[in-house]
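Here's the structure, in structure tokens; my notes come after.
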Amino acid sequence: MDIERYINKLNTSKEAGNYRRLHNTQHNGFLIHENGKELLNLSSNDYLGLSSNRRLKEEFYAETDVKALTFSAVSSRLLSGNHEYYGLLEADLRNLYEVEAALVFNSGYHANIGILPALSSKRDLIVADKLVHASIIDGIRLSDAEMMRYHHCDTEHLRSILQQHREKYENVFIVTESIFSMDGDTVDLLELCALKKEFDAFLYLDEAHALGVRGTNGLGCAEEQACIADIDFIVGTFGKAFASLGAFVVCKDIFREYLINTQRSLIFSTALPPVNVAWTRFILNHIPDFDDLRVKIKEISDKLRTILIRKGYQTAGDSHIVPMICGSNESSVEMAELLRENGFFVLPVRYPTVPKGQARIRFSLNAAIPEDDYECLFDFLENGIE
Ligand SMILES: Cc1ncc(COP(=O)(O)O)c(C=O)c1O
């Protein structure tokens, strides 16, 4: 056995400023405690601050007999784990999105590694945006289809790929996120819908970072851009703005049936706990009410971008995910340490997660953080760093 190989690989990661470690943290709402220090958590995906919303939790306990619920489904959905909360949650999703069908999964990762491999064959093509999330890439790798990538958000490049290759394949899947997890930019879905129609392709959209945060009812960018009905597969995740766990796809009934029969990450994994699915359903039914939080997070992110630009930093996007591009892996690590020393819990995002030379701090904003705390951050960025 060659253990040296692993030691060497870790050493190489350390030398490249790319070594990862788990942080030991305790949480108190939007505050995080690390090594006895209290920091503002600017690294969670709790975009609406719902994970620490006491009023919501109390309402949930008041209307749900939580003691009667179990903490495990102790079986896959295809065996005996398909408890009643799944049906209720899927019915609510169907009604809110006004679609034929919804199917709930254990996580966004399970959804993304399972749906595309189940639906595609070697006679098919998957064309994905260059920056789609690792879970989508893993799903494409598990599928038998051919894969091509188009330049990030470049519909002209996508068009040229489709013009050149569409005829050679039976089914073509265009795959994108709506808000990209590392750049925080938003896709023009109407252009993608027009292309998918022109080239008779399926459109697969991951709304992980938009669900709850965009659209009048918080249903995401497809709602905001009024094109839910034109998208074949909309995936949403509950582990971010919903402060829960799990994911879903909304689609036509035939695809739901097909996925239940073929999707390995659905079939061969223990179902979500009833207590968790009940909470997700409770949140889903309150999500349309949080417009004030959606407006607040937009205002704060616009202000943060303005300050970063004024300070000479490159940033990107237009959402509550705000990158502060530092350049090398090492410089992003140093900046993250400086921010943490000064009370702001942020983490560096480095190559290979982002392109070389584009290592960054990823500010992930939370609408529950008071404006005064954001003012401290703005003040530090303006006056506390060179
Ligand atoms: C775009 C995107 N899709 C899917 C996932 C995975 O979702 P989950 O955390 O529910 O597995 C993530 C996680 O960060 C993501 O950013």
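Counting starts at 1 for both ligands and their atoms, in listed order. For reference, positions follow the sequence shown, starting with 1.
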Exercise for review: Look at atom 7 (O) of ligand 1 and find which of Ser135, Ala210, Gly108 reaches it with the closest heavy atom.
Suggested key: Gly108
Exercise for review: Under 4.0 Å from a heavy atom of Asn112: give me the atoms of ligand 1 that qualify, with their elements.
Suggested key: 3 (N), 4 (C)
**Study point:** Top protein contact for atom 5 (C) of ligand 1, by heavy-atom distance
**Key:** His133 CE1, 3.6 Å
Review point. What is the closest protein heavy atom to atom 16 (O) of ligand 1, and at what distance does it sit?
Key: His209 NE2, 2.6 Å
Review point. Are the charged groups of Lys303 and Glu375 less than 4.0 angstrom apart, N to O?
Key: yes
Exercise for review: Decide if the gap between the ring center of Tyr150 and the ring center of His157 is smaller than 6.0 angstrom.
Suggested key: no
**Study point:** Closest protein heavy atom to atom 6 (C) of ligand 1, given as residue, atom name and distance to 0.1 Å
**Key:** Tyr109 N, 3.6 Å
Practice item. Considering only NZ, NE, NH1 and NH2 on the basic side and carboxylate oxygens on the acidic side, decide whether Asp154 and Lys130 come within less than 4.0 Å. Key: no
Review point. Is the closest heavy-atom distance from Lys240 to ligand 1 below 4.0 Å?
Key: yes
Check your understanding: Do NZ/NE/NH1/NH2 and the carboxylate oxygens of Glu90 and Arg256 come within less than 4.0 Å?
Key -> yes
Point to revise | Under-4.0 Å heavy-atom contact with ligand 1, by part of Ala208 that carries it | key: side chain
Exercise for review: Measure Val235 to ligand 1 on non-hydrogen atoms and call it side chain, backbone, both or neither using the 4.0 Å cut-off.
Suggested key: neither
Review point. Going by an N to O cut-off under 4.0 Å, is there a salt bridge joining Asp318 and Arg214?
Key: yes
Exercise for review: Determine, for Arg55 against Glu59, whether the closest basic-nitrogen to carboxylate-oxygen distance falls under 4.0 angstrom.
Suggested key: yes
Study note, to complete from the structure: The option among Ile179, Asp206, Thr176, Ile136 carrying the non-hydrogen atom nearest to atom 2 (C) of ligand 1 is Asp206
Practice item. Report the relative orientation of the aromatic rings in His320 and Tyr47; use parallel for angles under 30°, tilted for 30 to 60°, perpendicular for over 60°. Key: perpendicular
Practice item. Check each atom of ligand 1 against the heavy atoms of Glu177 and keep those under 4.0 Å away; list them by number with element. Key: 1 (C)
Review point. What atoms in ligand 1 come closer than 4.0 Å to a heavy atom of Ser107?
Key: 10 (O), 11 (O)
Exercise for review: Please name the residue in the list Val187, Ile136, Thr186 that meets the side chain to side chain contact (heavy atoms under 4.5 Å, CB included) test with Glu177.
Suggested key: Ile136
